[in-house]
Participant: 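Below you will find the structure I want to go over with you.
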Amino acid sequence: MSLRIDQDHSRFRQIVRGRIRQNLRKYISQGELIGKQGQERVSIPIPQVDIPRFRFEDRQRGGVGQGDGEPGDPVAGQPGQPGQGAAGSAPGEHMLEVDVSLADLAEILGEELELPRIEDKGKDAIVEAKDRYVGIRRVGPNSLRHFRRTFRHALKRQISLGTYDPRNPVIVPVRDDMRFRSWKTEHEPVANAVILYMMDVSGSMGDEQKEIVRIESFWIDTWLKHNYQGIETRFIIHDAVAREVDRDTFFRTRESGGTMISSAYKLASDIIDRDYSSSEWNIYLFHFSDGDNWSVDDTLLCIQLLSDKLLPTSNVFCYGQVESPYGSGQFIKDLGEHLKDNERLITSEIRDRDAIVHSIREFLGKGK
Amino acid sequence: MAQFALKTDLPGYLRDEQRKIEQYAKNYGLDFFPTVFEVLSYSHMNEIAAYGGFPSRYPHWRFGMAFEQLSKSAEYGLSTIYEMVINNNPAIAYLLEGNSIIDQKLVMAHVYAHVDFFKNNFAFQSTDQGRDSLTGLLRRKWIDTMANHGSIVRRCANRVGIEKVEAFIDTCLSIENLIDPYRPFGPQPRKDRDSDQDTLQDEAEEVPRLRVERDYMEQYINPDEFVESQKKRLEQDVDKSKRVPKEPERDVLQFLLDHAPLERWQRDIVAIVRREAYYFAPQGQTKIMNEGWATYWHSKILTEKALDASEIVDYADRCAGVLATSGNQLNPYKLGVELFRHIEERWNKGRFGKEWEECDDLEARQAWDRRLGLGRRKIFEVRSHYNDVTFIDEFLTPEFVMDQRLYSFGFNAKNDRWEIESRVFRDVKVKLLAQLTNAGQPFIYVQDANHNNRGELLLRHDHQGVDLRLDYARAVLEALAHIWKRPVEIHTLLEGKATLLQYDGSSHEQKGL
């Protein structure tokens, strides 16, 4: 049954959506939502979706309570406004938690950052149609007749009409008893995508720097997942040597020692060769570092790997340079110098949390 | 009654219970409107509760928000709505489908007491809509009124667009609480504004002097300063009579209806919001009494009449839930019912009057029992003639505050937390009354509609010790400026200093006075 409230409810959801959009930058840079990934829906607090009225400054006000305690003892719980308000006519005045799906959030993020939908590599037309049985209908071809259900309905009818005789249990289905399987055709794009994250975990990448990478990659993930089904993610960390790790390790590891960026690029190239042929996969490469590489030679090696291997095979190569008190920040300049004409290379400097949103736009804003 | 009874689709077993409980309630002397019960599914219950009981109300997003909160709170197991009852004649009450029979009995007894309260408490007289011309019965057809409001608003929305209408409702709701709940009981406003002014101006020509028997006394009896001050007062009176409003006006919504440059559909909406605010006002003014009264009667009816022995334990469990003081919050059900019982006991034992007041022998007081048996009569009288403020003011006693372990609390900035301030009777009473006065909201008056002689709207906050919350106050000024279409300002006190808050349509200003 549809409720009259549905209309008002959806108006409210619309307002909430607008509110989320207004506060999106805050939600993004706070990183609170990351802990909630993997859940279908996340709850986010929305400030003040309420109607302002003349009201008192709460803290000057106080009130009356009931229970134990001596003067000077803390009052348990929020005092709020005990014992007031007409029933049902006064909405709460606290923060409101609303449920949104991450997909919705990604869409809002996309709209807010004016991110274009990601273009597929010419394969967006390739869609596979798949039929799935999803339910039961009362009409259909005999070949799809659901015998058990049909039988059950006939039995039910005969029992209720009193024509069922347990000593002579003959069940004769009539038209109304017939039940048929029904199906739905689903279209699945066959285009696949993989995101490969690489992170510098040398001593100069501190907790704050990692947090920035974490938040930024979370939102990149979320946005790309919104565009592709079944997206794969792989993680590489490196200092002087690179290794592939799981997501958890990626964000937790703290190493120290020197930095050889080329080690990560080499490993990335190997992974692509082994698992993701560039003709079938959309490949997104992200590398985050504080921009301090071991030597000029290594940087040159990186550039060679990029121009020979990584750039030609991927949709886009994004290099994010997170500012740290120790990094020289040289690497981004080197990249710019040697590869500035390559339009698959996108670099972005991320000074602090507030710059994350801007950086995401730089990376994904071109819709590759 | 019969014509309404036909409408109920109450299942048979509940109808039987309903009849029994109705009879019990009548036998106890409760006097209620005919009451129609409906059984609702859980989602329908949430829907109707979100609409404040009126499923046909005008469309607005805040009902959607209330619905979301109610559903979620129920899903998380934080609350369930067991019942809802609408002040209407016939009264409409909703029962939650799937509740146990004990719950349903409890709710029905509770509902009859609420309806008795709606019918007999003076505050609810303001929700009367005259008498039915045919039957002579009291008319409270708020279900219809609300439905009419709904269709008026929908019609507006069709004409000017839902966004515009909804935004305007938002604006109106910001000032929804600026009504004068006593207005329905006061003298009705006089229409003949102009004639008043004329007489004043005529008189202004002659300054009143005291009568002098002998001329040479003139200077002594009517010295120049006196004549001068009389003259000034007269001029002020004339000034005042030109001012709109003449006296500070508490019913801001009515004032705007009379004087703001509103389009037709906007006027309709302001009028609707105002009427509904007046409808809900008595419920806000009598929350403690109303819930206390209903709780008193459901426990009396159930324990003395309606329960089987086998149901007592479940009932007690349910009742304990209703009366629990969760954490350290005040529970209106609990406070109300205890106070009614306290009053009943006092009047049964004759613990009132001069002799009682003057007795300061503790033992004598504790043993005091005159066996007057006036308790029942007294509580019926109280339910008719009091609201929460007068109820507390008159009947809260030091014994009660001590027995119920009431305390006042306040915010301690030093410790950054809310703390118990006092258990002293006077302190508790003062805080409680402050919390209930004007339903816990600031007193706001329209002072002048032509402030600075430039058509600006001046409001005054009657500061009674607590400042306005500034961010909200500013937002309300914006709403008012939207309606008034000229700058709007309010006089208030902030941290002890007289302050003017102004919004001119684009920016806010705040200055000392």
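Naming convention: chains lettered A, B, ... in sequence-line order (proteins, then strands); numbering from 1 in each chain.
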Participant: Give, as side chain, backbone, both or neither, the part of B:Glu421 having an atom under 4.5 angstrom from any heavy atom of chain A.
Facilitator: backbone
Participant: Please report the interatomic distance CD1(A:Ile5) to NE2(B:His44), rounded to the nearest 0.5 Å.
Facilitator: 10.0 Å
Participant: Quick one: does B:Arg62's side chain get under 4.5 Å of A:Arg11's, heavy atoms only?
Facilitator: no
Participant: For residues 176-185 of chain A, which residue pairs pass the salt bridge (Lys or Arg N to Asp or Glu O under 4.0 Å) check, not counting sequence neighbours?
Facilitator: A:Arg157-A:Asp177
Participant: Looking at side-chain heavy atoms only, is the closest gap between B:Leu468 and A:Phe54 below 4.5 Å?
Facilitator: yes
Participant: Check each atom of B:Pro55 against the heavy atoms of chain A and say whether the ones under 4.5 Å are side chain, backbone, both or neither.
Facilitator: backbone
Participant: Looking at CD1 of A:Ile15 and CG of B:Asp170, how far apart are the two atoms once the value is rounded to the nearest 0.5 Å?
Facilitator: 6.5 Å
Participant: Heavy-atom distance under 4.5 Å to chain A: side chain of B:Ser422, backbone, both or neither?
Facilitator: backbone
Participant: Would you mind telling me which of B:Leu406, B:Asn415, B:Asp467 has the largest number of heavy-atom pairs within less than 4.5 Å of chain A?
Facilitator: B:Asp467
Participant: At a heavy-atom separation under 4.5 Å, does B:Glu478 approach chain A through its side chain, its backbone, both, or neither?
Facilitator: neither
Participant: How long is the span from the CZ atom in B:Arg57 to the CG atom in A:Asp8, to the nearest 0.5 Å?
Facilitator: 10.5 Å
Participant: Rounded to the nearest 0.5 Å, how far does CZ of A:Arg4 lie from CZ of B:Phe63?
Facilitator: 11.5 Å
Participant: If we check side-chain contact (heavy atoms from CB on, under 4.5 Å) with B:Arg469, which of these qualifies: A:Arg59, A:Arg61, A:Gln60, A:Arg55?
Facilitator: A:Arg55
Participant: Checking heavy atoms, do the side chain of B:Lys429, its backbone, both or neither come under 4.5 Å from chain A?
Facilitator: neither
Participant: With respect to chain A, which residue among B:Val428, B:Leu173, B:Leu432 yields the maximal number of heavy-atom pairs within a distance under 4.5 Å?
Facilitator: B:Leu173
Participant: Hey, what do you get for CD (A:Gln66) to CD (B:Glu338), rounding to the nearest 0.5 Å?
Facilitator: 8.0 Å
Participant: Of all the heavy-atom pairs spanning A:Phe12 and B:Trp61, show the shortest one and how long it is.
Facilitator: CB-O, 3.6 Å
Participant: If I measure from the heavy atoms of chain A, does B:Leu494 come under 4.5 Å with its side chain, its backbone, both, or neither?
Facilitator: neither
Participant: Determine the minimum heavy-atom distance between A:Val64 and B:Gln435, stating which atoms define it.
Facilitator: N-OE1, 2.8 Å
Participant: Just to verify, what does B:Arg405 make a salt bridge (charged side-chain N to carboxylate O under 4.0 Å, His left out) with, not counting sequence neighbours?
Facilitator: A:Asp68
Participant: With a 4.5 angstrom heavy-atom cut-off, which part of B:Ile490 approaches chain A: side chain, backbone, both or neither?
Facilitator: side chain
Participant: Of B:Leu178, B:Ile175, B:Asn177, B:Ile444, which is the lone residue that meets side-chain contact (heavy atoms from CB on, under 4.5 Å) with A:Arg53?
Facilitator: B:Asn177
Participant: Quick check: closest heavy atoms across B:Gln441 and A:Phe56, and the distance to 0.1 Å?
Facilitator: C-CE1, 3.6 Å
Participant: Is any side-chain heavy atom of B:His60 closer than 4.5 Å to one of A:Ile51?
Facilitator: yes
Participant: Which bit of B:Asn438 is near chain A, if near means a heavy-atom gap under 4.5 Å: side chain, backbone, both or neither?
Facilitator: neither
Participant: To the nearest 0.5 angstrom, please state how far the CG atom of B:Asn46 sits from the NE2 atom of A:His9.
Facilitator: 10.5 Å
Participant: When heavy-atom pairs shorter than 4.5 Å are enumerated against chain A, which of B:Ser56, B:Gly465, B:Ser174 gives the highest number?
Facilitator: B:Ser174
Participant: Is B:Asn412 close to chain A through its backbone or its side chain, or both, or neither, when contacts mean heavy atoms under 4.5 Å?
Facilitator: neither
Participant: Among B:Ala473, B:Pro282, B:Gly410, which residue forms the greatest number of heavy-atom pairs with chain A at distances under 4.5 Å?
Facilitator: B:Ala473
